[in-house]
Undergrad: 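Just passing along the structure, written as structure tokens.
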There are 2 protein chains.
Amino acid sequence: MVTIKDVAKASGVSPSTVSRVIADNPRISADTKKKVRKVMKKLGYHTNINARNLVVKSTKAIGVIMPSSTNKALQNPFFPEILRGIGSVIHKMQYSMSLSTGETEDEIFEEVKRMVYGSYVDGVILLYSRVDDSVTNFLYEQDFPFVIVGKPHEYVNEITHVDNDNFRAGKEITEYLVAKGHQKIAFIGGASDLFVTMDRQAGYESALTEAGIGNCEEYKIHTEFLESGGRGAVESLFALNSPPTGIVVSDDLISLGVLSMLEDSGYHIPEDISLVSFNNVYLSEITRPPLTTVDVQIYKLGAQSAKALIEKTLNKNEPAKRIIIPHRIVYRDSVSER
Amino acid sequence: MVTIKDVAKASGVSPSTVSRVIADNPRISADTKKKVRKVMKKLGYHTNINARNLVVKSTKAIGVIMPSSTNKALQNPFFPEILRGIGSVIHKMQYSMSLSTGETEDEIFEEVKRMVYGSYVDGVILLYSRVDDSVTNFLYEQDFPFVIVGKPHEYVNEITHVDNDNFRAGKEITEYLVAKGHQKIAFIGGASDLFVTMDRQAGYESALTEAGIGNCEEYKIHTEFLESGGRGAVESLFALNSPPTGIVVSDDLISLGVLSMLEDSGYHIPEDISLVSFNNVYLSEITRPPLTTVDVQIYKLGAQSAKALIEKTLNKNEPAKRIIIPHRIVYRDSVSER
DNA sequence: CTGTTAGCGCTTTCAA
DNA sequence: TTGAAAGCGCTAACAG
């Protein structure tokens, strides 16, 4: 391995000068810089990141924590897309990204502890937000730089997070259904302890109320369609005396499942029943029919969270902020006039 | 930060002893170990990974390189799933995983160079295999430990890779269609410069030949359904004098697109035309109809590649190997008898 | 503008 | 079974 000393010797300067050249220190003459750089190139010098990290006490690495993956929720294209967004700014800033590998909550927690105690990373991005999460609490107590994609359970004003206005999004998409003449509108959400689900559902409820349409509990179900249970829940929805004519589904992937089983049961979308959804991942374009869905700009969600985190690691007392990524409805073919 | 010296002082031993306790060196008495460990706990000691890396010249980190993400191919659930597989063994071995963040080929190449020159990682997993890839060539020339998921273009016997027997898989699934009475079978593949596509297609062709069915070029098309071009290609397939009754599609996500447009055009699956696919990602269960597809065991693909790589980093002259992950056909409802 | 010197926190001979 | 000392490759005062 070529070290700074080798370069120093070969170019007839001191190691510190070489170090300064690397840092492009303005107090080094252009001449020496050029000379040293040439030698670096010739010798094939590359700075050893561990040595530098050790002294500057920063790794320029960000830890990204995925939710526990005991079910198939991770197969949601949401994740590669948000990783791409995070990656874009991480890359631009010359940082690197360390991904969590634990499958259970405990494993993940252990891993996060290693990350922060072992100085693996300068900061952490949490790709989920749950009630009473040990990782969140730990990071908060340690006062370690982190941001949440989504909404924190506690300390909302002290934890910087980037989120959509899921309440508004849920409300707007429901209002759209109402405007199309629907009165009986159901809600199908994923895990009910996720804030996304709760917020979108609250928006849905608010829209119904404001429209003067009562909202009944039988119209709200939660399923991830990952276990076979979901099927029954949806069937019972249509066994009701007065079945819905429209459905708000909280996630595109769930929509695909709902779509399939509805058509299987003889309903046609959108003729018989209309369906709207969230996220606008690629597959929502290629379902049959293509989905009217709210584009939450996953990529930006990722990019902004990385940006906010890096700012925070650079300046420890950067105030906590909430960053709302705007959404917009993408109109496709899963809704019909009533 | 609590260092080894602090622990040493507090427990009345030397730093080297503490270091040995951490490494669980057998030559340290059980007593001292206990004593020192108690102090470590009390002080909240955690070893600084950078300092250790610097001296042992190993980072216990693996770099995972995704394909360039200029299109939406990354939204394929294949990626989260293989990451999960890789993560499982990385985690078990107490390694960490560094994900690439570049979007273009050039960015990725730069990043890989940083990773290896800067001693960021001990080894690299390539999640793609392309013809004439600069990253592959670089890694090969540097003699840096790496494995490819898929089949290397060159030096097949010198680069350890983990792959499916895509030729056989393609052949078997096509034979299945033949056994079901199909004679006119088309092939729809993704990018034609990908080895997966080529191998699966070759298997398809071989099956047709062996069945005494000629295979004509008009029956083979390539599209990722990411650009609108795919639609036209498929339509022309059915504008043929003698349109196919069965289709082999090289990827579940593409299948979803094909499915949708076929039904849109008035064809019914499987009554009018049968369709088989590859990968068995979650969404193949929830399409309409659910897909008969070959399960390539993505998770294992990831796990085995991580395992092979770690072995290689641990023992530089571990011989190159080819690891074939078995596949199996999952029979669902997208095929009908002719 | 550049060199000298002292560490960063850890592991590892070599001695005892 | 343990300690002393050197050094991994780099940066950062402090001098000059």
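To find a chain, count down the sequence lines: A is the first, B the second, and so on, and within it residues start at 1.
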Undergrad: Would you say the side-chain atoms of B:Gln297 pair up with the backbone N or O of B:Pro326, donor to acceptor, closer than 3.5 Å?
TA: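 Checked: pair present.
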Undergrad: Any side-chain to backbone donor/acceptor pair from A:Glu107 onto A:Glu103? Under 3.5 Å, distance only.
TA: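 Confirmed, A:Glu107 side chain pairs with A:Glu103 backbone.
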Undergrad: Taking the side chain of B:Arg20 as heavy atoms from C-beta outward, which of C:dC10, C:dT13, C:dC8 is closest to it?
TA: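 Closest nucleotide among those given: C:dT13.
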Undergrad: Just N and O in the side chain of A:Ser14: are any of them under 4.0 Å from OP1 or OP2 of C:dG3?
TA: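 Answer yes for this pair, as a side-chain N or O of A:Ser14 is under 4.0 Å from OP1 or OP2.
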Undergrad: Answer yes when B:Asp122 and B:Lys312 have at least one side-chain N-carboxylate O distance shorter than 4.0 Å, and no when they do not.
TA: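 Salt bridge between B:Asp122 and B:Lys312, a charged N being under 4.0 Å from a carboxylate O: no.
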Undergrad: Using a heavy-atom cut-off of 4.0 Å across all strands, would you classify B:Ser19 as base, sugar-phosphate, or nothing?
TA: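 Base contact.
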Undergrad: Salt bridge or not between B:Glu111 and B:Arg114? Use side-chain N to carboxylate O under 4.0 Å.
TA: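 Salt bridge absent between B:Glu111 and B:Arg114.
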Undergrad: Taking B:Thr59 for the side chain and B:Tyr120 for the main chain, is one N or O donor matched with an acceptor at less than 3.5 Å?
TA: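 Answer holds: yes.
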Undergrad: Taking only heavy atoms on the protein side, list every residue of residues 113-122 of chain A lying under 4.0 Å from any atom of DNA chain C, sorted numerically.
TA: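 Nucleic-acid contacts, sorted: none.
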Undergrad: Distance check: side-chain N/O of A:Arg27 vs OP1/OP2 of C:dC1, anything under 4.0 Å?
TA: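 It does not, given that no N or O in the side chain of A:Arg27 lies less than 4.0 Å from OP1 or OP2 of C:dC1.
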Undergrad: Assign A:Ser16 to base, sugar-phosphate, or nothing according to its heavy-atom contacts below 4.0 angstrom with the strands shown.
TA: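 Result for A:Ser16 = base.
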Undergrad: Could you tell me from which nucleotide to which nucleotide of DNA chain D, 5' to 3', there is an atom under 4.0 Å from chain B heavy atoms?
TA: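 Answer, 5' to 3': D:dT1 to D:dG9.
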Undergrad: Are A:Tyr117 and A:Phe138, when compared by the centres of their aromatic rings, separated by less than 6.0 Å?
TA: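 Here the rings of A:Phe138 and A:Tyr117 have centres that are less than 6.0 Å from each other.
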